[in-house]
Amino acid sequence: MKVLFRVVASLAVISAVFMFSKVIEAKPFYKGKRVVMLINYAPGGGSDRSGRVIARHLPRLIEGNPRVIVKNMPGAGGLMAINYIGEIAKPNGLTVSNFSGGYTYQMLKDPALRVDLTKNPWIAGVGGTSIIYARKDTKPGLNKPIDIWKVTNPRDFKIAGFRITGTKDMRERLTFQMLGVNHYPVTGFRGTTKSRTALLQNEVQAFGDSRAAWFKTIVPNMIKTKIAIPIYHYDKFNADGSVSAYPDLPGIPTVSALYKQKHGKMPSGMEWEAIKLIQSLQGSMVRNTTLPPGSPKAAVTAMRKAYSKLAKDKKYKADAMKSLGFTPEFVDGATVAKLLNWALNDNKKVQNWLLAEIEKWKKKKW
Amino acid sequence: MDFVYQGLALVLAWPAIGWLFAGVFVGLFFGATPGLSGVVGLAILLPFTYDITGASAFCFLLGMYAITTTSDTLASVLLGVPGTGASQATILDGYPMAMRGEASRAFGAAFSVSAFGGVLGAILLGISIPLVKPIIMAFASPEYVMLGVLGLTMVGSLSGNSVVKGLLAALFGLLLTTVGYSIQGGVARFHFGWNDILEGLPLIPVVLGLFALPEVINLAVSAAPISRVPKEQVKGGMRRGIRDAFENWWLVLRSCAIGMYIGILPGLGGSIVDWVAYGHAVQSSKDKSQFGSGDVRGVIAPEAANNAMKGGVLIPTVAFGIPGNAAMAIMLGAFVIQGVVPGPQMLASQMDITFSLIWILVIANVVGAGLLMVWGNQLCKLTFVRGDLIVPGIMFFVFMGAWMGNQVMSNWYFLLGFGLLGYAMKAGGWPRPPLVLGFVLGRIMENAMDVSYQTHGLAWLYRPIVVVLGVLAVAVFISSVLGIGKRKRSNVELKADIGTEKESAKTSLGLGILGLVLFLYALIRALDWPYDAAFFPIVLSIPGLLLVGPSIFFDLKKIMAEKNEGVAAGNGDNIRVAWMFVIVLGVILGTLIIGQKITLCVFIFLFLVFWAKEKMWMAMAQSAAAFIILELMFDQLISVLWHIPIIDIGISD
């Protein structure tokens, strides 16, 4: 009897301890905590706006309902914050990124990037495209996208850009080169504001903008006022290898559609492969979210769950529509990681070609 | 006219008017605290406006933003620390006025013209919108280059009698802007593998280092109050300052015009406006002898301009959806959240909203200036407190002000480095304002020059406005040179900077030699780079090398003359100055090891106990107050990213 009693009592104690520890463990990782969302560009821009909309809804969707505050850490073309997350931020789950770009630095082996992005525990990505638009009064006059082939003097069709090695500039140069359009890239504009101003002043004739800016700024101020027309937007590259247009941009041809309109066939060649490579990444992770490498599994899991809910959340979608003019499409962290690995490790030929092409652009006299 | 009243009705309706007052209170705080600013305030407050509709949201945000360049005068005048980037020039005469016990007078003048400037800027916004489109369209990259050149001609006015040193300082300021990625992005210039400077040197730590640190160190070393004049002997308070504002009405109007019309050009920024207005005040004055020593006009001009600018930057934002500056980029987000699309429709079907913005600027400026006039006199009492008692508090805000921005340790390294440079420049009689002017203009000019050449070739030089601005620049430069000659013949000493009365020829020689080394290094390094990266550094280094020779020669001559006359070199104060810099270094090292919160509080305690010989309880109280401010304000409210130290006990989270 005594032995039986001891066994039962021990089992009871062990069970109680086990249940108690489960209760402790069941406490959500983020309960009572504060999360910093780091944005790698200055306040007011597209990255900032999209991040702030997300930050507004995340506390509700993360288990434990932590506080989420936004910090901007601009500098070095977005690299300062990317390096910070990768090598300085504590891997305790309390710093999360909402970055724009970053992957092209690794693709182009930029020495200023000090971390390996494939080691990040990716949470989610948001895809996007850009829309290129041009002044209607560009010589000899543009009424529809296909009119860009009428331009004979490259200096009549100047395109504003930031840096030769930036994603934006690379895509545009590659596209116009592939299309065979006479064009003249002007680099060095310090941001979208200066570039749009230059277009209004007819200092340049074309520029590319994000969807948020397109709907909220460009359409009301340049398209509806008949100053400019859209030329193309970048294709959506689907998992099965096909391309498609973005449904909220009807009437604006994709790059492939424009090419086909002129040349009668789908684009091909190294320019197209490079555009595909860059746009595959942009299309899934133009904004990307990660925690520092080595972050606790519980944090990664909780964040991924939260972003998965965010993608379907009605309040977030309504807010995004109000602030950005469109509803962002999310991809999960595992897909981001897979895509990044594919881009960086399985496309060496395209990367090397691109590096050589950039060197040519640097030396070219336009 | 209906829209004018409808706009006013939108603002005066409850709860919009309540939000306006709330915004003004918040703006007073953000402007007065060094390192915070309208941009920081807007970034923090924007999320709160999701739940506020229409006019209330604009009242809150714009009401806050409108007033920051009024309250920033507090730190500039009382402490010699720029409250925001737009109040740098105010220090040159505002702080000397405080040193003369005339802080109240400076406030009276500053707040009056700030209110007037803000109101006039708003009114001009209202009547100018249909008219300024041609101006905005006409000022492209080539015109920006020439505006920069015109701005640089102010160097003559800002150099006092040390024109060579002024030019060298300006060239060095311009050269500093070549640090980081070149315009085309291909070359990382002068970065020595340090990623923190790839985007260039940060403005606020540089300016705080150059201006604030030397003044604070002097305060600590002398232990004298900011005001060298006892309270009983002070003449002229706030009313005198208000009278000064009215007496200089023509300068006020011209400064407002400068602020307004520079403001409408996207991308130029508040930092330029106050320097240009100050330089213009000096150039256009017959009697320049008091500038740099506490001339009230040196406060009136920049303060009127930086408030009028607020109306100016709204114009391209509202009329074209092009943000006039970084703050307007955030405001644009606010417009979008509220369903308002900036652009032509705001001038067509939404004029009531447009006019509500104008009324917000008017009311916020008047209310804010009024509140500051009520409180200003109380704050002026700080200038009569023993200097070493207030040094820890000032240093606290200098450190945190330098930290804001991208919140990395390199900001403090620059604070220290430029603090050393600023102290040496002051001691050596090298004027600091031209360096800051060059620093502020350099990036804009190099970038504009590069884009101008790409888009227009050399034809950019023949554009009509470029030619007019060029002729104006030459005329201003000749006038400056003639003015300098006239002063030299009349033996009029023109101070270019705070406290440049005593000059050390040896320190000046040291700076000259440093300049020689830096310009030579820059030239040699640049020769290896492609054209687009090399052009600007080479163009700056060559005149730099040519001018540094005469500077070194004259300093050597002066040293020889002093030696022959048996002039003794004082070193008592130098040791205490050196110790102060060691203390600053100690704060940086302490932060690296144990973090900012602990280090700053320990620094305050130890400084008060051992340097200021203050009672323990007073030191503990100040230290505790600092910790509360760090926790509540910087951590909880602003959510600063703290440095993660080597020994982390969890306070940095």
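A note on names: the letters A, B, ... follow the listed sequences, proteins ahead of strands, and every chain is numbered from 1. What you see is a predicted model; the values in this text were computed from it and never measured.
- Interface residue B/Pro142: backbone and side-chain heavy atoms are both found under 4.5 Å from chain A.
- Contacts of A/Ala112 classified as side-chain contact (heavy atoms from CB on, under 4.5 Å), with partners at least two apart in sequence or in another chain: A/Leu79, A/Asp110, B/Tyr181, B/Asn195, B/Leu198.
- Top candidate by heavy-atom pairs under 4.5 Å with chain A, chosen from B/Glu446, B/Met328, B/Met331, B/Arg443, is B/Arg443.
- Here the CD1-CG distance, from A/Ile69 to B/Leu641, works out to 6.5 Å after rounding to the nearest 0.5 Å.
- Interface remark: of the candidates A/Thr197, A/Asn83, A/Ile358, A/Val204, A/Thr197 forms the most heavy-atom pairs closer than 4.5 Å to chain B.
- The backbone N or O of B/Gln636 sits nowhere less than 3.5 Å from a side-chain atom of A/Arg34 that would complete a donor-acceptor pair.
- In terms of heavy-atom pairs under 4.5 Å with chain B, the best-connected choice from A/Met80, A/Lys216, A/Arg56 is A/Arg56.
- The shortest heavy-atom contact between A/Tyr84 and B/Trp642 is OH-O, 4.4 Å.
- By the side-chain contact (heavy atoms from CB on, under 4.5 Å) test, A/Ser195 pairs with A/Ala160, A/Phe162, A/Phe189, A/Phe207, sequence neighbours left out.
- Closest of all the heavy-atom pairs between B/Met137 and A/Leu200 is SD-O, 3.4 Å.
- At a 4.5 Å heavy-atom cutoff, A/Asp169 makes no contact with chain B through either its backbone or its side chain.
- Proximity to chain B is limited to the backbone of A/Ala89, based on heavy atoms less than 4.5 angstrom apart.
- If you tally non-hydrogen atom pairs under 4.5 Å between each of A/Lys224, A/Lys33, A/Arg67 and chain B, the highest count goes to A/Arg67.
- For the atom pair A/Asp48 CG and B/Ile330 CD1, the distance stands at 6.5 Å (nearest 0.5 Å).
- Only the side chain of A/Val36 has a heavy atom closer than 4.5 Å to any heavy atom of chain B.
- A/Ile88 has its side chain out of reach of B/Val408: every pair of non-hydrogen atoms, C-beta onward, lies at least 4.5 Å apart.
- Between B/Ile444 atom CD1 and A/Lys194 atom NZ the span is 7.5 Å, to the nearest 0.5 Å.
- When heavy atoms are compared at a cutoff of 4.5 Å, A/Leu38 approaches chain B solely by way of its side chain, counted from C-beta outward.
- Note that OG1 of A/Thr187 is 7.5 Å distant from CG of B/Asp532, once rounded to the nearest 0.5 Å.
- With a 6.0 Å radius and a threshold of 12 heavy atoms from other residues, nucleotides or ligands, B/Tyr453 has its OH atom at or below the threshold.
- Heavy atoms closer than 4.5 Å to chain B are found in the side chain of A/Thr225, but not in its backbone.
- A/Glu203 places no side-chain N or O within 3.5 Å of a backbone atom of B/Thr455 that could act as its donor or acceptor partner.
- With B/Gln407 contributing its side chain and A/Asn72 its backbone, the two residues share no donor-acceptor pair below 3.5 Å.
- Proximity to chain B involves both the backbone and the side chain of A/Lys322, based on heavy atoms less than 4.5 angstrom apart.
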